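The block underneath contains the structure these notes are about, expressed in structure tokens.
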Amino acid sequence: MRKIKILTDIKRHYKHSWLLLIILLAVASLSQAQTVRSAAAYYNRGNERYKKGDLDGAIADFDAALIFEPRLARAYNMRGSARYIKGDLEKSIADYTRAIEIDPHLALAYYNRGKARRDMGDVEGSFADYTRAIEVDPRLSSAYNNRGNALRDKGDLDKAMADLDKAVRFDPHNALVYNNRGLVRRATGNLRGAIADYNRAIEINPLFAEAYSNRGNARQDSKDLDRSIADYELAIKIDPSFAKAYGNRGLARLFQGDKLGAEKDFDQCLTLDPKLKALLEEQIEQAKRRLAARQ
């Protein structure tokens with residue numbers, strides 16, 4: 001009888017142990033689910049705050065999400081974007097780098113780090129990040145766009161054009177991409193193609209002041225001065241603080257022989273942005289040499 005009692009106690013012991021284990025597993029599972037839900041809740045609210053421009057609130061929410069889930073790569077990426085807009089480039093790069101360490105296939109983190117590195121003056125690092133973003137996501141239009149701009153700055157216009165063609169193909173309703181491709185086409189002397197790109201950019205975004213000014217530049221190159229001035233005036237109407245548009249209109253007026261109007265535009269350009277002085281003076285000298293050659 002004692003032996004039977006011992007066996008019964010053992011069975012009860014194991015029964016209670018299994019029950020305890022099941023309870024512990026259930027508690028752990030619920031705790032883990034709660035942690036995931038909490039991280040997602042903070043992350044989602046952080047995104048909403050980011051979209052509304054509440055960058056400090058967004059950063060606080062991404063901080064909270066990372067407390068619950070320290071390997072949430074998306075939260076590092078978004079916190080980096082909020083810090084980037086605030087101008088904290090070093091911390092934004094650190095966040096993008098951490099996101100990449102956790103998830104090496106997060107193309108947007110490479111792209112975002114590329115932008116921050118560009119602003120820090122790290123041209124090669126920026127170029128490498130755009131390239132890696134494209135390798136991870138071959139349809140990421142924004143990465144082609146930015147790498148195309150970098151190639152244009154390097155003077156490699158053929159490769160820049162190839163990248164911007166792809167950017168247009170993958171995002172055909174992005175006015176900025178057409179504007180940037182127009183810059184490359186103008187640099188290669190394809191003024192008709194450049195104007196076509198600026199036209200498309202303006203169709204997509206009729207308030208795109210830079211596209212009007214750039215179209216004015218292409219028309220000025222084509223010696224279509226009246227229409228180039230009309231474009232600069234539209235750019236200025238949209239953005240009265242657009243310093244370069246005043247400078248460009250001044251150059252067109254100079255070519256028309258309107259020296260007084262040109263001087264007023266040059267003065268307004270430098271009042272709005274004194275940093276343009278060296279560039280503007282160089283452009284004025286070039287214009288005067290061209291005018292002298294005509295006489």
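Small disclaimer: the values here were computed from a predicted structure and weren't measured. Numbers here simply count residues along the sequence, with the first being 1.
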Checklist entry - Which pairs with one or both residues in residues 174-183 pass salt bridge (charged side-chain N to carboxylate O under 4.0 Å, His left out), sequence neighbours excluded? => result D165-R181, R181-D197
Checklist entry - Please walk me through it: do Y96 and S81 pass side-chain hydrogen bond (donor to acceptor under 3.5 Å, both in side chains)? => result CA-CA 8 Å; Y96 298 138; S81 294; 3.3 Å; yes
Checklist entry - Does F255 have K223 sitting over its ring (NZ/CZ under 6.0 Å from centre, angle to axis within 45°)? => result no
Checklist outcome for this item: Output for pair (L276 CG, K244 NZ), nearest 0.5 Å, gives 6.0 Å
Item to check | salt bridge (Lys or Arg N to Asp or Glu O under 4.0 Å) between D224 and R227, intermediate numbers included | outcome: CA-CA 6 Å; D224 187 355; R227 289 211 289 175; 2.8 Å; yes
Next on the checklist: Under a plain distance cut-off of 3.5 Å, with no hydrogens placed, do N179 and N214 share a side-chain donor-acceptor pair?
Outcome noted: yes
Next on the checklist: Could you see if Y232 belongs to whatever hydrophobic cluster contains Y246? Use Ile, Leu, Val, Met, Phe, Trp, Tyr and a side-chain cutoff under 4.5 Å.
Outcome noted: no
Checklist entry - Can you name the nearest heavy-atom pair linking A107 to V136, along with the distance? => result CB-CG1, 3.8 Å
Next on the checklist: Less than 3.5 Å apart, any donor N or O on the side chain of N112 or N77 sitting next to an acceptor on the other?
Outcome noted: yes
Item to check | Residues R215, E210: salt bridge by 4.0 Å N-O rule | outcome: no
Item to check | Residue K115 excluded, over 12 heavy atoms near NZ under 6.0 Å | outcome: yes
Checklist entry - Mind checking whether Y42 and F68 have parallel, tilted or perpendicular rings, split at 30° and 60°? => result parallel
Checklist entry - Does a side-chain N-to-carboxylate-O contact under 4.0 Å join K51 and E48? => result yes
Checklist entry - Can you tell me how far OH of Y130 sits from OH of Y144, rounded to the nearest 0.5 angstrom? => result 15.0 Å
Item to check | Shortest non-hydrogen separation from G46 to A58 and the atoms involved | outcome: O-CB, 3.4 Å
Checklist entry - Looking only at side chains, do Y212 and D231 share a donor and an acceptor under 3.5 Å apart? => result no
Item to check | Which residues share a side-chain contact (heavy atoms from CB on, under 4.5 Å) with K86, sequence neighbours left out | outcome: L55, D56, I59
Checklist entry - Residues two or more places apart in sequence or in another chain: which of them pass side-chain hydrogen bond (donor to acceptor under 3.5 Å, both in side chains) with E135? => result R132
Checklist entry - Quick one: CG on D129 to CG on N146, what's the gap to the nearest 0.5 Å? => result 11.0 Å
Next on the checklist: Would you say NZ of K154 has more than 12 non-hydrogen atoms from neighbouring residues, nucleotides or ligands within 6.0 angstrom?
Outcome noted: yes
Item to check | Spatial distance of atom CG (L176) from atom CG (N180) [nearest 0.5 Å] | outcome: 4.5 Å
Item to check | Same cluster (ILVMFWY, side-chain, under 4.5 Å), I67 and I102 | outcome: no
Item to check | Cluster overlap I284 with L279, hydrophobic side-chain contacts below 4.5 Å | outcome: yes
Checklist entry - Which value, rounded to the nearest 0.5 Å, describes the distance between Q220 atom CD and S228 atom OG? => result 5.0 Å
Checklist entry - Any cation-pi pair here, R200 with Y178, using under 6.0 Å and within 45°? => result yes
Checklist entry - Does any donor atom in the side chain of D119 or Y84 lie under 3.5 Å from an acceptor atom in the other side chain? => result yes
Next on the checklist: Can you confirm whether the side chains of R152 and N149 place a donor and an acceptor under 3.5 Å from each other?
Outcome noted: yes
